[in-house]
Amino acid sequence: MLITTLASHSSLQILHGAKKEGFETGIIANYSRENFYRRFAFIDNFYSYSNEDEAVLGINSFRNSVFVPHGSLIEYLGMDRVSKITVPIFGNRKLFPWEANQHKKMSLLERSKIKVPEKFEDEEDVDRPVIVKLPGAKGGKGYFLARTKEEVKRGINDLLKSGMIKDKSDLIIQEYIVGIPMYFQFFYSPILSRVEITGIDIRYETNVDGLRRLPPDMRIDPTFVVAGNIPAVARESILPSVFDYAERFVNTTRELVFPGMIGPFCLESIVTDKLDVVVFEFSGRIVAGTNLYTYGSPYSWLYWDEPMSVGRRIAREINLAMERNKLAEVTT
Amino acid sequence: MLITTLASHSSLQILHGAKKEGFETGIIANYSRENFYRRFAFIDNFYSYSNEDEAVLGINSFRNSVFVPHGSLIEYLGMDRVSKITVPIFGNRKLFPWEANQHKKMSLLERSKIKVPEKFEDEEDVDRPVIVKLPGAKGGKGYFLARTKEEVKRGINDLLKSGMIKDKSDLIIQEYIVGIPMYFQFFYSPILSRVEITGIDIRYETNVDGLRRLPPDMRIDPTFVVAGNIPAVARESILPSVFDYAERFVNTTRELVFPGMIGPFCLESIVTDKLDVVVFEFSGRIVAGTNLYTYGSPYSWLYWDEPMSVGRRIAREINLAMERNKLAEVTT
Amino acid sequence: MLITTLASHSSLQILHGAKKEGFETGIIANYSRENFYRRFAFIDNFYSYSNEDEAVLGINSFRNSVFVPHGSLIEYLGMDRVSKITVPIFGNRKLFPWEANQHKKMSLLERSKIKVPEKFEDEEDVDRPVIVKLPGAKGGKGYFLARTKEEVKRGINDLLKSGMIKDKSDLIIQEYIVGIPMYFQFFYSPILSRVEITGIDIRYETNVDGLRRLPPDMRIDPTFVVAGNIPAVARESILPSVFDYAERFVNTTRELVFPGMIGPFCLESIVTDKLDVVVFEFSGRIVAGTNLYTYGSPYSWLYWDEPMSVGRRIAREINLAMERNKLAEVTT
């Protein structure tokens with residue numbers, strides 16, 4: 001049995017973990033990156049591609065394999081190509097379209113009674129700081145923050161005048177949550193019927209996390225491109241409530257997108273100074289922040305007496321499933 | 001023999017470490033949190049409480065146990081109830097009232113010849129940036145920073161006018177140390193007669209650590225609520241002096257509060273750009289920043305050839321004491 | 001066989017790793033620090049010195065030893081004394097003078113086709129934000145940032161008027177790269193003929209990393225003194241290009257400074273929001289940021305099935321070399 005994945009994102013961790021669990025491994029890599037991945041002894045098989053259609057052929061070329069999707073899969077290949085993957089995928093592939101639609105995505109959180117930022121349908125209702133978003137805008141272009149309804153109106157007028165939008169109904173007006181980002185990483189095991197917390201990370205973003213180095217009068221507009229991750233732990237008193245979030249979220253996905261969440265997911269959150277956890281986004285697959293924990297996280301050691309990265313945890317779940325003749329319960 | 005603790009703060013780490021050292025474990029948890037703690041296999045016994053008086057009954061209900069106090073114990077139960085704990089406590093319970101009194105607390109540092117921020121009895125003496133504190137104010141309410149004696153006077157006048165204080169003699173005027181926070185975690189072993197450095201952390205505070213994400217013209221007042229911790233190491237050249245601090249501090253506590261410090265403590269410090277370490281606070285028990293190091297810290301591996309969290313280190317000390325028939329030397 | 005090093009910087013890690021690999025260890029320590037280092041059981045031999053000339057005598061006094069240089073060696077002893085070390089040094093001592101000369105240093109990066117900040121010979125050519133540096137200035141004194149050629153000219157005039165420089169030809173005008181710092185740590189093994197990535201860190205600098213705690217109107221000039229390090233991982237998609245950098249750099253050093261880079265080095269970089277990695281500096285020896293990874297880093301576990309600090313990796317390389325009778329290939 002092989003475990004395979006697409007090169008990049010968390011592929012080193014996934015295949016390193018698979019090898020630790022006794023699997024043969026395979027990577028589907030762009031030609032330009034093959035040289036890099038050849039440096040790691042735990043990668044047994046290579047399929048190099050020069051375009052995305054070939055990548056799908058590569059994924060499907062591995063017989064007797066399970067393909068592990070990660071957070072860059074759809075960004076790299078697109079939803080259409082991903083739907084052409086014919087080998088078993090670890091996790092629930094029916095969740096992919098839910099993740100791609102911002103409205104359906106947030107509804108899974110809301111249905112789980114997870115705190116999310118409030119939406120304002122009408123700018124007249126704005127009674128707190130908000131972020132105004134243009135749907136589909138790449139990398140936050142045109143986004144603006146506003147403290148009052150007056151600032152919202154002024155900002156919308158500027159966007160209309162500049163031609164960036166045609167109609168204000170295109171806009172999403174969302175409560176701006178003031179606090180600190182924390183990304184809570186979880187794993188749902190259908191085999192053990194339990195949610196595990198696998199780690200916490202903070203994104204390290206360029207250029208915003210470097211701007212403190214500049215003198216205050218040399219203003220440069222902040223950008224928010226994730227270039228890495230920093231490890232963290234949360235106050236223990238926060239954990240019970242995020243754990244409740246995670247369990248309710250698993251239940252909601254099981255009801256609405258059967259068989260529901262399988263394996264790793266992440267609740268991307270802001271923690272306010274009242275220690276409320278507000279989730280503004282989720283990831284239904286392994287996130288890059290787990291790359292911090294190749295040898296286990298401060299939390300994984302509470303469950304496992306051996307080093308357990310999320311990559312290895314996926315392979316362990318496949319092993320547990322195969323032992324019980326239940327591979328179909330963790331793949332789709 | 002059982003090791004028990006109060007749910008929250010660092011209880012997962014404490015009991016996980018106790019189990020690793022071969023102890024049976026027990027937790028005293030608020031009913032609302034019991035469900036969360038049931039998820040961890042290393043917790044053997046539960047006592048659930050609905051109010052703080054019951055919590056004390058719970059602690060005392062475990063026969064043949066050692067109770068491990070952590071940084072949230074007194075905040076949760078109050079000094080009076082803590083004094084009603086009849087089972088042995090790991091560490092020196094006589095230190096609790098010293099920790100609760102800001103004046104006595106700082107005197108332990110000063111007597112140890114540890115650099116602390118200067119105090120100004122009279123605002124006329126202010127010759128550098130200061131922070132003006134209202135004693136007993138929750139979460140820093142009313143605190144202000146000032147660069148000059150004129151700013152101090154103006155700030156005090158504002159407080160008097162607003163009625164927040166009645167008399168300026170209530171205020172503490174303390175040197176404001178400009179630098180970076182570093183929390184140096186130590187463990188004093190009466191059995192091995194040595195101080196170990198067990199780790200370093202930085203607090204991750206909401207909302208202040210998120211404000212860099214805002215545009216500079218959208219000012220929001222910073223708050224400083226600890227929501228988590230980030231790992232760090234210090235320049236090796238700083239360590240000898242903080243080690244001297246730690247050893248002198250242990251000696252001072254032995255002289256003034258016999259038998260002195262036992263087990264984990266933390267010197268909460270600012271490191272200036274002259275690489276001076278100025279300690280503005282200490283914790284006499286395990287701090288939450290140690291939760292980063294469930295599997296050992298960059299420093300613990302210098303002492304131990306096995307993963308050694310501070311929770312496990314406590315249990316190890318109890319084991320070492322029992323082997324030598326000296327349990328009374330590490331409990332009170 | 002002994003492994004020795006100079007106390008401070010990363011000496012604990014180096015000797016801890018050496019002991020793990022079965023070596024006897026020795027430290028050359030200033031008298032004032034001996035007491036601190038005596039606390040660690042893995043240090044077998046001490047040579048205490050009261051001045052730098054004695055330190056060299058100490059290093060040379062250990063028979064049958066390999067001396068491991070670290071990032072503070074030349075700062076502590078000076079180039080002249082270091083040239084008087086007669087015992088074998090791990091790594092290539094011919095690189096020391098290249099590292100000491102800013103021009104030769106940057107040329108090694110440029111020859112490796114590594115992106116570096118652009119230099120401007122004439123202020124008239126300035127077309128982007130720049131940093132203007134005074135060569136030899138301690139700790140960045142007199143450095144200034146400028147966004148336009150006009151600001152550069154004004155700043156230079158101020159320096160001339162103040163007498164800090166006599167001639168503007170003394171100045172270095174360098175592109176200011178906006179982004180986030182990331183320090184990529186590598187190890188080149190001549191024995192295994194491969195480059196390994198051993199970790200990534202971010203510097204924790206006083207006072208700049210503490211200034212966010214101040215109200216915005218209380219301006220204090222930032223300083224950039226490294227007091228510690230924070231761990232990080234990078235987006236996996238960044239790694240192939242920094243790996244190419246590292247391999248080309250090893251090749252360049254082999255051509256220009258035979259036998260080239262041996263053992264640990266670090267590419268000190270800024271990652272821009274286009275995810276370009278711009279290297280503004282390198283270290284040719286073990287950097288202090290590796291102290292984070294006493295028990296291995298998220299990357300070291302991809303190569304080694306056992307905890308592998310860079311200190312231990314050095315000792316492992318010496319072991320591998322001795323097994324093959326090739327000690328002369330890793331020492332000079």
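These numbers come from the heavy atoms of this one structure, side chains and all, not from hydrogens, waters or symmetry mates. In what follows, chains are A, B, ... by sequence order, proteins preceding strands, each numbered from 1. The structure displayed is predicted, hence computed values, not measured ones.
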query = Donor-acceptor pair, B/Tyr204 side chain versus A/Pro181 backbone, under 3.5 Å?
reply = yes
remark   = Honestly, the part of A/Glu151 sitting under 4.5 Å from a heavy atom of chain B is neither
inquiry  = Is B/Asp201 in contact with chain A via its backbone, its side chain, both, or neither, using a 4.5 Å heavy-atom distance?
reply    = neither
note = From the list B/Ala41, B/Ser72, B/Ser32, B/Gly210, the residue making the most non-hydrogen contacts under 4.5 Å with chain A is B/Gly210
note = Heavy-atom nearest pair, A/Ile238 first then B/Ala227, reads CD1-O, 3.6 Å
request  = Pick whichever of B/Asn35, B/Leu292, B/Thr294 has the most heavy-atom pairs under 4.5 Å with chain A.
outcome  = B/Leu292
message = Please rank B/Ser309, B/Pro307, B/Ala288, B/Gly228 by heavy-atom pairs under 4.5 Å with chain A and give me the top one.
response = B/Gly228
key: Region of A/Ile270 in contact with chain B, defined by heavy-atom distances below 4.5 Å   = neither
task = Pick one of side chain, backbone, both or neither for A/Glu205, based on which atoms fall under 4.5 Å of a heavy atom in chain B.
result = side chain
ask   = Checking B/Thr206 side chain against A/Val271 main chain: does a donor-acceptor pair fall under 3.5 Å?
value = yes
key: From A/Ile230 atom CD1 to B/Ile230 atom CD1, the distance as rounded to the nearest 0.5 Å   = 6.5 Å
ask   = Top residue by heavy-atom pair count (under 4.5 Å) with chain B, among A/Arg194, A/Lys274, A/Glu247, A/Glu196?
value = A/Glu247
query = Of all of A/Ser297, A/Ala146, A/Pro129, A/Ala232, which one pairs up most often with chain B through heavy atoms under 4.5 Å apart?
reply = A/Ala232
key: Reported CG-to-CZ distance for the pair A/Leu239 and B/Arg33, which is rounded to 0.5 angstrom   = 9.5 Å
ask   = Under a 4.5 Å heavy-atom cut-off, does chain A meet the side chain of B/His16, its backbone, both or neither?
value = side chain
request  = May I ask you to decide if the ring planes of A/Trp301 and B/Tyr295 are parallel, tilted or perpendicular, using 30° and 60° as cut-offs?
outcome  = parallel
key: chain B contact via A/Asp209 - which portion, at a heavy-atom distance below 4.5 Å   = both
key: Side chain, backbone, both or neither of B/Tyr37 within contact of chain A (heavy atoms, under 4.5 Å)   = side chain
key: CD-NE2 distance between A/Glu236 and B/His70, expressed to the nearest 0.5 angstrom   = 7.5 Å
request  = Could you tell me the separation between the CZ atom of B/Arg39 and the CG atom of A/Leu302, rounded to the nearest 0.5 Å?
outcome  = 14.0 Å
ask   = So, for B/Pro231 and A/Pro231, which heavy atoms are closest and what is the spacing to 0.1 Å?
value = CD-O, 3.4 Å
key: Contacting moiety of B/Ser11, where chain A heavy atoms sit under 4.5 Å   = both
task = Under 4.5 Å heavy-atom distance to chain A, tell me which part of B/Ile220 shows up: side chain, backbone, both or neither.
result = side chain
ask   = Quick one: what part of B/Arg212 sits under 4.5 Å from any heavy atom of chain A, side chain, backbone, both or neither?
value = both
message = Using a 6.0 Å cut-off, check whether atom CG of B/Asp305 has over 12 heavy atoms from anything other than its own residue.
response = no
ask   = Given a strict heavy-atom distance threshold of 4.5 Å, which part of A/Leu211 is in contact with chain B: side chain, backbone, both, or neither?
value = neither
task = Working to the nearest 0.5 Å, report the span between CD1 of A/Ile200 and CG of B/Asn229.
result = 10.0 Å
ask   = Relative to chain A, which segment of B/Lys20 carries a heavy atom at a distance below 4.5 Å: side chain, backbone, both, or neither?
value = side chain
